[in-house]
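For reference, the structure is listed below as structure tokens.
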Amino acid sequence: MKRILLSFDVEEFDMPLEYGIDIHWMQQMEIGYQGLLAVTPILEKHTATLFTTANFADHYPDKIKSLSDQHEIASHTYYHSRFVRTDLEASKERLEFLTGKPVTGLRMPRMKATASRPVLDAGYAYDASIHPTWIPGRYNNLDLSRKPYLDDGLLRIPASVTPRWRIPLFWLSFKNFPYRLYRDWALRTLETDGHISLYFHPWEFTDLGESGLPRYTRQICGEALVERLYKLLQDLLQQGECCTMASFAASIRQRCDQETLAL
């Protein structure tokens, strides 16, 4: 069965700061939380992985604890806007304390590149921070594998891009490309790779019309984006099923162990 890896980066809405727009930290939290409420109907129907900052979880512990009953809670480090190496372990420990469940996965804010050794030393089994494409001003990872791979013992699970041209299937593509074109790319990627890894942010699903952000970042938002994601999942579920990153990572590890034993 093909795997659909649906994930959300549950975080403070600090994106306006990238564009010189001042936004109070309390408003960042509130918009992030309202977005989480907006996608809750989707989460009630479809299994997902929620890469959560410990800072956000500290402010809404009951909500994160409740979501952990059905979904995987993974680390998005401690704060979305700043990072020190000790945040790797601190965020993991805090999320585990709040949920009472193990945290095995990491995604760095803004897909920041991180060496494998510190991630492994902090106790993570996999990293989902790799975006194997070229995005001007962000990164050029065309030399990295499109498919999951081991990096010095750390399992890297890249965000999905199309097989040939490596067109990113991330949140901005979903908002800005015509739906049928995006759907066809996603279905082709799922068929070719046997899985698809997609990520979004809850705050996208709030009304961003007055946020002051560039149009391409708020193109289709709020309820219209919820409906668009519902539609995509219905189309993808004809070929696969949703699962958590942790279960997908475990299946890859098991296959690697079996292949090693066979040698």
> Can you tell which of Tyr182, Phe200, Trp203, Phe177 makes a ring pair (Phe, Tyr, Trp, His ring centres under 6.0 Å) with Trp171?
Replying inline: Trp203
> Tyr79: what forms a ring-ring contact (aromatic ring centres under 6.0 Å, His included) with it, not counting sequence neighbours?
Replying inline: none
> Can you list every pair that meets side-chain hydrogen bond (donor to acceptor under 3.5 Å, both in side chains) and has a residue in residues 146-156, with sequence neighbours left out?
Replying inline: Asp127-Arg156, Arg146-Asp193, Asp151-Arg156
> Using 4.0 Å as the upper bound for N to carboxylate O, is an ion pair formed by Asp184 and Arg188?
Replying inline: no
>> For the CZ atom on Arg117, are there more than 12 heavy atoms of other groups (residues, nucleotides or ligands in this structure) within a distance under 6.0 Å?
In response: yes
>> Looking at Lys231 and Glu227, is there a salt bridge between them, counting it only when a charged N and a carboxylate O are closer than 4.0 Å?
In response: no
> By side-chain contact (heavy atoms from CB on, under 4.5 Å), which residues pair with Arg183, not counting sequence neighbours?
Replying inline: Tyr179, Arg180, Leu187, Asp235
>> Are more than 12 heavy atoms, taken from residues, nucleotides or ligands other than Tyr230, located less than 6.0 Å from that residue's OH atom?
In response: yes
> Excluding sequence neighbours, so at least two apart, what forms side-chain hydrogen bond (donor to acceptor under 3.5 Å, both in side chains) with Glu204?
Replying inline: His201
>> Please check: side-chain N/O of Asn141 versus main-chain N/O of His131, any donor-acceptor pairing under 3.5 Å?
In response: yes
>> Counting the benzene-type ring for Trp, do Phe170 and Phe174 have ring centres under 6.0 Å apart?
In response: no
> Looking at residues at least two apart in the chain, or sitting in another chain, which of them share a ring-ring contact (aromatic ring centres under 6.0 Å, His included) with Phe248?
Replying inline: His195
> How would you list, by chain and number, every residue that makes a side-chain contact (heavy atoms from CB on, under 4.5 Å) with Glu89, sequence neighbours excluded?
Replying inline: Glu93, Ala122
> Residues two or more places apart in sequence or in another chain: which of them pass side-chain hydrogen bond (donor to acceptor under 3.5 Å, both in side chains) with Arg94?
Replying inline: Asp58
> Residues two or more places apart in sequence or in another chain: which of them pass side-chain contact (heavy atoms from CB on, under 4.5 Å) with Thr244?
Replying inline: Thr47, Thr49, Glu72, Ala246, Ser247
> Looking at residues at least two apart in the chain, or sitting in another chain, which of them share a ring-ring contact (aromatic ring centres under 6.0 Å, His included) with Phe8?
Replying inline: none
> Is the backbone N or O of Val103 less than 3.5 Å from a side-chain atom of Glu96, with the two atoms forming a donor-acceptor pair by type?
Replying inline: yes
>> Within the structure provided, determine whether Leu95 and Ile73 are in side-chain contact (heavy-atom separation under 4.5 Å).
In response: yes
> Just wondering, more than 12 heavy atoms not from Lys2 lying within 6.0 Å of its NZ?
Replying inline: yes
>> Centre-to-centre under 6.0 Å for Trp165 and Trp134, is that the case here?
In response: no
>> Pair Arg110, Asp9 - check salt bridge (charged side-chain N to carboxylate O under 4.0 Å, His left out), show working.
In response: CA-CA 10 Å; Arg110 300 179 178 89; Asp9 291 354; over 6 Å; no
> What residues form a side-chain hydrogen bond (donor to acceptor under 3.5 Å, both in side chains) with Ser75, not counting sequence neighbours?
Replying inline: Ser91, Tyr124
> Considering residues at least two apart in sequence or located in another chain, which fulfil the side-chain hydrogen bond (donor to acceptor under 3.5 Å, both in side chains) criterion with Lys63?
Replying inline: Thr40
> Residues two or more places apart in sequence or in another chain: which of them pass side-chain contact (heavy atoms from CB on, under 4.5 Å) with Thr86?
Replying inline: Val84
>> Contact between Thr133 and Ile167 at the side-chain level, heavy atoms closer than 4.5 Å - yes or no?
In response: no
